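We count ligands from 1, going down the list as the structure has it; atoms in each ligand are counted the same way. All residue numbers refer to positions in the sequence shown, counting from 1. Here the structure is a predicted model, which means the values were calculated and not measured. Both backbone and side-chain heavy atoms feed into the values below; hydrogens, waters and symmetry mates do not.
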Amino acid sequence: MASESYRCDAAIIGAGAVGLAIARRLALAGDEVVLLERNANFGMETSSRNSEVIHAGIYYPCGSLKARLCAEGKHLLYAFCESHGVGFRRLGKMIVATQAGQQAKLEGIMQAAADNGVRDLTRLSKTDIAALEPELSATEGLLSPSTGIINSHQYMLALLGDAESAGAHLVRGAEVAAIARTEDGYRLTVNNDGETLALESRILVNSGGLWAQRVAALVEELDQRFVPPLFLAKGNYTTLTVKSPFRHLVYPVPEPGGLGVHLTLDMAGAARFGPNVEWLDNSDPAAIDYTVSPGMPELFAPRIAQYWPAVTAAILAPGYSGVRPKIAGPKEASADFRIDGPGVHGLPGLVNLFGIESPGLTASLAIADHVERLLRG
Ligand SMILES: Cc1cc2nc3c(=O)[nH]c(=O)nc-3n(C[C@H](O)[C@H](O)[C@H](O)COP(=O)(O)OP(=O)(O)OC[C@H]3O[C@@H](n4cnc5c(N)ncnc54)[C@H](O)[C@@H]3O)c2cc1C
């Protein structure tokens, strides 16, 4: 087994959308960046198992990182897609009330959006809804015109392209197995294709997604008080096997832990429903089973029928799934993103990112700017 040693300015652990955006940001700022990814390629976990929605930033508590970084990130992301030729569509999203008593929830959503600086929501009457989406059954709703969709693979490829042009290196199949402190930074032990590499770096960013707690636990001298618990909440999708009659994204009013079984469209116009919220008993990311149960169409159909009466389980098929790396459990209030810099844990040059669930894809460019600010003090 060979052992080689390298040095860089910034080591980023995890090449999902967030790690790639951070690598790009730091490389463009002039740091020599090495991005380490345990899988055979970038973006093989949560970043390719999501709804690919560019969120407007409506629901998050005012002043939270989710609210701020989603609103900032949305603008940055649309501009990035335009300048880099990444596929996207500003389709708009309808949030629909289907039962008596949900009107107050719509009011609350409108207010939360305004508090977050999202002021482009408009109200929809039953007639407006029928004109926009004739197959929908809803009493009233809201339209968010700045919600859209993105081709997340093209996005990650473009981030990598920028990062590499600025000198960053992505090492695929490279699992960080140990992290020691040095005089001026960190020494990482990396298992790469049967070899062990040593990488020394002044800056260390843990963007390990579902594994971020595991990575943080490796950091020598990091007080484990600064590693939050991990809860996994699986989100299952079903796909529509017939041509979609919808042109907008359609969301029921939110449910605890998620946004309800909603309808999203991909860049080809195909519709999928979900994700639901299925809390996993085992919080070990290595034990995740991404299989979607064959019973999912039967489970989803009645929930979708609340806003699309024509749906039947027969036109739905089990789709794919993704898992949310939550840091608050099923009985707790939903948590904010947790992005801990040296000001929190006291270790210079280290940033840990925990709980980067939705809207992490939308917020990724703004998260990268935020991480850079934490590092530069
Ligand atoms: C069901 C679902 C739907 C979602 N829908 C949306 C949406 O519509 N819009 C939106 O904005 N957001 C959405 N999100 C959230 C979004 O997908 C995530 O916030 C985002 O993809 C997180 O990116 P990441 O880079 O932090 O994590 P990941 O994509 O999980 O990447 C982390 C990477 O770290 C690597 N890694 C871990 N440990 C190590 C190690 N020791 N050594 C080397 N590499 C390591 C992993 O292999 C992985 O590739 C959704 C999430 C889910 C689960």
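- Taking the charged nitrogens against the carboxylate oxygens, Arg123 and Glu140 have no contact shorter than 4.0 Å, which rules out a salt bridge.
- Salt bridge absent: Asp31 and Arg25 never bring a charged side-chain N and a carboxylate O closer than 4.0 Å.
- Interatomic distance, Tyr155 OH to Leu361 CG, rounded to the nearest 0.5 Å: 6.5 Å.
- No donor-acceptor distance shorter than 3.5 angstrom exists from the side chain of Asp369 to the backbone of Ala366, with no hydrogens or angles considered.
- Between Leu35 and Val171 there is no side-chain heavy-atom pair separated by less than 4.5 Å.
- In this structure, Phe300 has its ring center at least 6.0 angstrom away from the ring center of Phe273.
- Ligand 1 is surrounded by Ile13, Gly14, Ala15, Gly16, Ala17, Val18, Gly19, Leu36, Glu37, Arg38, Asn39, Glu45, Thr46, Ser47, Arg49, Asn50, Ser51, Glu52, Val53, His55, Ala174, Glu175, Val176, Ser207, Gly208, Gly209, Trp211, Val215, Tyr237, Pro275, Gly322, Val323, Arg324, Ile356, Glu357, Ser358, Pro359, Gly360, Leu361, Thr362, each with at least one heavy atom closer than 4.0 Å.
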